[in-house]
Amino acid sequence: MNSRSLRIKVFGFFTSVAAALLVVGCTTTQSPPSQAIQTQPPPRVDVAAYPRNGQSDYQQRRDRYECYNWAVAQSGFDPGRLNTRQVPAPPPVHVEPNPPAGTDTVALGVTGALIGATVANPRNAGGGAIVGLLLGSLFGAASDSARAASAQHIEEAANMRYDARQHQLYERADRYRRAMAACLEGRGYTVR
């Protein structure tokens, strides 16, 4: 191996390293958004009822008890059994792709640069490294983008499931309140 071909190989190697450092310097890691988990309060189930016909305290308690049982049967919602299993857990705040964004871009860019410098003509090792870097980075960016899209899809699906469970819980609580109010009005109470 003569000194000229050695200089070309050394130049190609350092060009590859410089290009790899450039790619590494251009990539960033994404941190999760600074969102606080917003939990919804438990559904409102209280019904204010005032006697219109002078019902006694005993009669009011009995009417409330009987209307409570009737409203639970009508709505399928029992506020007395409302617990953490019925209230959906808060949705995930952020789903981060693993490995982080930019990893494949850097790894495939460096790999492409090394392969390009190795397989290129010794006089054009630097050019081969640059072409390999560009192609490897392009494939790596596509891989990173697909992984980020998958993470976004998982996050959106989880949030949609949470929203559906939350909506169902509030809808059942609303049916309970309406049934309770109807029962108490039928027994001679003013409901607000």
Side-chain angles (χ1 to χ4, degrees), residues 24 26-108 137-192:
V24 170
C26 292
T27 60
T28 61
T29 58
Q30 296 176 344
S31 61
S34 58
Q35 295 176 336
I37 295 176
Q38 301 212 357
T39 58
Q40 299 229 353
R44 205 184 97 215
V45 293
D46 57 329
V47 176
Y50 306 97
R52 279 193 309 231
N53 302 329
Q55 292 96 329
S56 68
D57 285 342
Y58 172 77
Q59 186 63 42
Q60 289 178 40
R61 284 192 306 272
R62 182 161 179 84
D63 288 340
R64 265 206 177 269
Y65 174 74
E66 290 174 0
C67 285
Y68 169 84
N69 287 331
W70 184 80
V72 167
Q74 295 299 310
S75 66
F77 179 81
D78 186 353
R81 293 186 178 266
L82 185 65
N83 59 30
T84 56
R85 285 183 294 158
Q86 289 175 317
V87 178
V93 175
H94 185 68
V95 176
E96 185 71 31
N98 189 16
T103 303
D104 284 352
T105 304
V106 172
L108 292 179
S137 296
L138 180 67
F139 287 120
S143 175
D144 285 336
S145 177
R147 190 178 311 105
S150 175
Q152 180 68 28
H153 176 72
I154 292 168
E155 183 176 325
E156 288 172 359
N159 287 336
M160 285 176 30
R161 282 191 305 272
Y162 169 78
D163 290 342
R165 286 191 310 263
Q166 191 78 0
H167 177 72
Q168 184 181 40
L169 177 69
Y170 278 79
E171 190 175 287
R172 287 177 35 222
D174 186 53
R175 282 196 311 260
Y176 165 81
R177 271 195 328 275
R178 284 186 279 136
M180 184 76 168
C183 180
L184 289 169
E185 283 178 351
R187 292 177 179 243
Y189 293 86
T190 302
V191 177
R192 291 192 185 154

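Values below: every heavy atom of this structure, side chains too, minus hydrogens, waters and symmetry copies.
If you take CG on Asn69 and CD on Gln74, they are separated by 11.5 Å, rounding to the nearest 0.5 Å. To the nearest 0.5 Å, the span separating CE on Met180 from CG on Asp46 amounts to 10.0 Å. A distance of 8.0 Å separates CE of Met160 from CD of Glu156, quoted to the nearest 0.5 Å. We find the CZ-CD distance between Arg61 and Gln55 to be 13.0 Å, quoted to the nearest 0.5 Å. The CZ atom of Phe77 sits 11.0 Å away from the CD atom of Gln168 when rounded to the nearest 0.5 Å.
Atom CZ of Arg52 is surrounded by more than 12 heavy atoms from other residues, nucleotides or ligands within 6.0 Å.
Minimum interatomic distance between Arg187 and Glu66 (heavy atoms only, all atoms of both residues): NH1-OE1, 2.7 Å. Nearest approach of Ala49 to Tyr189, heavy atoms of both residues: CB-CB, 4.1 Å. Across Tyr50 and Ala48, no two heavy atoms sit closer than the pair OH-CB, 4.0 Å. Between Pro97 and Ala148, the closest heavy-atom pair is CG-CA, 4.1 Å. Between Thr103 and Pro99, the shortest heavy-atom distance links the atoms OG1-CB, 3.8 Å. Residue Tyr176 comes nearest to Val45 through the heavy atom pair CE2-O, 3.5 Å, listed as atom of the first residue, atom of the second, then distance.
A 4.5 Å side-chain heavy-atom check between Pro43 and Arg172 finds every atom pair outside the cut-off. Annotation: side chain of Asp57 is in contact with side chain of Gln60 (closest heavy-atom distance under 4.5 Å). Tyr68 places none of its side-chain heavy atoms less than 4.5 Å from the side chain of Arg64. Between Phe139 and Asp104 the shortest side-chain heavy-atom distance does not fall below 4.5 Å.
Applying the disulfide bond (SG atoms under 2.5 Å apart) test to residues at least two apart or on different chains, the pairs with a partner in residues 159-192 are Cys67-Cys183.
For Ala181, the side-chain contact (heavy atoms from CB on, under 4.5 Å) partners are Val47, Val191, not counting sequence neighbours.
Remark: Arg178 engages Asp174 in a salt bridge, criterion side-chain N to carboxylate O under 4.0 Å.
Using a distance-only test at 3.5 Å, with no hydrogens or angles considered, a donor-acceptor pair links the side chain of Asp144 to the main chain of Gly102.
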